[in-house]
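One structure below.
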Amino acid sequence: MRLRKTLAVAAALPTLLVISACSSETDEGTGHDRSPSPTKAASTGEKKKADEAKRIGALPPQELKKATLSGESAGFDFKQVSKADVEAGRDMKADKAECQPLASLAGGYTNIKAVSVEHRSLEPSEAENATVGSMWLAAHSKKNAKQVMTDLRTSLKKCPKGFKTLGLTYKGVDQLRDPSLGDDAVGYRITSAVGKQTVPMTYTVVRKGGVIAAFYGVNMLTPKKSAIPETTIKTQLAKFG
């Protein structure tokens, strides 16, 4: 049980640091809240997303949410991620422009803004599985989704030594064999350095139609086995038909 908790903290560590880095900006206020009610604002926002999805031919937000795995499935427990954690990584900027696609993915988003995004944390449902991680699904037009993959491959070639963002250091970017998943897929491993602690993370980014499905895994015991299994990824992709 202690090992499982340690692994979960290791996977969440970069996000926690991002939240800390951003807190000085988000905690400031004027003392006067003139924003619309949360319910009304959410309703308006969802309608705008739905209209934009229809305009560009992207998967509508409600359909994306419906197709996103939740609960125990394919060896993992897919859990909803809090809005605060999701928003923490939205504007991660790399110190080098050529590394931005990698920085955006490290923050849980694509470098091209999606119409809507669904995030899930992944915790293994089997005791012998030491890999934990996250998944996010981003709905784009097919054209933009293809561009996301092109930008990612370019970034991997131009940014092998990594980058810095929000006080975090990512180094040792290694492109892996492209998985045979979806319409297009890229695999790579990158190491997050936090003080003297290094956390190797394996990413699998897949395009299916206009949806980008990004997965990252951490395995502190066997880093080379930290990728989220392809069987798990295929289970999620199958939800899109």
Side-chain angles (χ1 to χ4, degrees), residues 10-26 81 84-115 117 119 133-141 143-179 181-182 184-207 210-220 223-224 226-228:
L13 188 55
T15 299
L16 294 176
L17 288 178
V18 171
I19 294 172
S20 177
C22 293
S23 61
S24 61
E25 297 179 6
T26 57
V81 181
D85 287 353
V86 166
E87 291 298 318
R90 183 181 290 278
D91 296 317
M92 287 179 69
K93 300 296 182 184
D95 59 339
K96 294 178 283 189
E98 62 268 26
C99 302
Q100 188 56 49
L102 293 169
S104 294
L105 286 168
Y109 292 88
T110 49
N111 62 303
I112 298 175
K113 186 178 180 179
V115 174
V117 186
H119 292 80
S134 292
M135 171 191 82
W136 53 98
L137 308 177
H140 290 273
S141 67
K143 177 182 178 181
N144 280 355
K146 287 182 176 181
Q147 190 62 51
V148 167
M149 301 302 286
T150 297
D151 292 346
L152 175 57
R153 285 194 167 90
T154 299
S155 191
L156 286 168
K157 290 179 180 178
K158 293 185 175 182
C159 200
K161 295 183 179 181
F163 57 93
K164 293 181 180 180
T165 176
L166 292 179
L168 305 175
T169 298
Y170 292 87
K171 60 183 183 179
V173 183
D174 297 314
Q175 188 165 359
L176 307 176
R177 175 185 60 84
D178 287 351
L181 296 166
D184 190 11
V186 174
Y188 62 95
R189 186 170 294 118
I190 188 169
T191 299
S192 172
V194 183
K196 295 182 179 180
Q197 179 71 44
T198 58
V199 182
M201 301 176 289
T202 301
Y203 282 76
T204 305
V205 184
V206 185
R207 179 184 69 82
V211 175
I212 297 294
F215 301 77
Y216 90 76
V218 174
N219 187 320
M220 299 298 287
K224 291 186 178 180
S226 59
I228 301 301

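- The side-chain hydrogen bond (donor to acceptor under 3.5 Å, both in side chains) contacts involving residues 93-102 comprise Q100-S104, where partners must be two or more places apart or lie in separate chains.
- Take D151 and apply the side-chain contact (heavy atoms from CB on, under 4.5 Å) test, not counting sequence neighbours, and it matches P101, N111, I112, Q147.
- Here the closest non-hydrogen pair linking L105 and A214 is CD2-CB, 4.2 Å.
- Considering CG of D91 and CG of L166, their distance stands at 9.0 Å, rounded to 0.5 Å.
- Annotation: ring pair (Phe, Tyr, Trp, His ring centres under 6.0 Å) contacts involving residues 87-115, sequence neighbours excluded, comprise Y109-H119.
- Taking OG from S192 and OH from Y216, the interatomic distance works out to 9.0 Å, rounded to the nearest 0.5 Å.
- Looking at heavy atoms from C-beta onward, L102 lies out of side-chain contact with Y170 at the 4.5 angstrom threshold.
- In this structure, L176 and Y203 have side chains that are not in contact, with every pair of non-hydrogen atoms separated by 4.5 Å or more.
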One pair to check against side-chain contact (heavy atoms from CB on, under 4.5 Å): Y188 and L152. What are the steps and the verdict?
CA-CA 10 Å; Y188 62 95; L152 175 57; 4.0 Å; yes
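- Contact detail for I228 and G217: the closest heavy-atom pair is CD1-CA, 4.0 Å.
- Residues satisfying the ring pair (Phe, Tyr, Trp, His ring centres under 6.0 Å) criterion with F215, sequence neighbours excluded, are absent altogether.
- Residues meeting the side-chain hydrogen bond (donor to acceptor under 3.5 Å, both in side chains) test with S226, sequence neighbours left out: T202.
- Residue S141 holds its OG atom at 10.0 Å from NZ of K146, rounded to the nearest 0.5 Å.
- When every heavy atom of G162 is checked against every heavy atom of C99, the shortest pair comes out as O-SG, 3.7 Å.
- By the side-chain contact (heavy atoms from CB on, under 4.5 Å) test, K113 is found to be paired with no residue, residues two or more places apart in sequence or in another chain being considered.
- The two residues A114 and A138 come nearest to each other via the heavy atoms CB-CB, 3.7 Å.
- Among pairs with a residue in residues 155-166, none fulfils salt bridge (charged side-chain N to carboxylate O under 4.0 Å, His left out), at least two apart in sequence or across chains.
- Residues meeting the side-chain hydrogen bond (donor to acceptor under 3.5 Å, both in side chains) test with D178, sequence neighbours left out: R153.
- Contact check for V218 versus V199: side-chain heavy atoms found under the 4.5 Å cut-off.
- In this structure, the separation between OG1 on T110 and CG on L137 is 11.0 Å, given to the nearest 0.5 Å.
- For the side-chain contact (heavy atoms from CB on, under 4.5 Å) test, residues two or more places apart in sequence or in another chain that qualify with A145 are H140, R207, I212.
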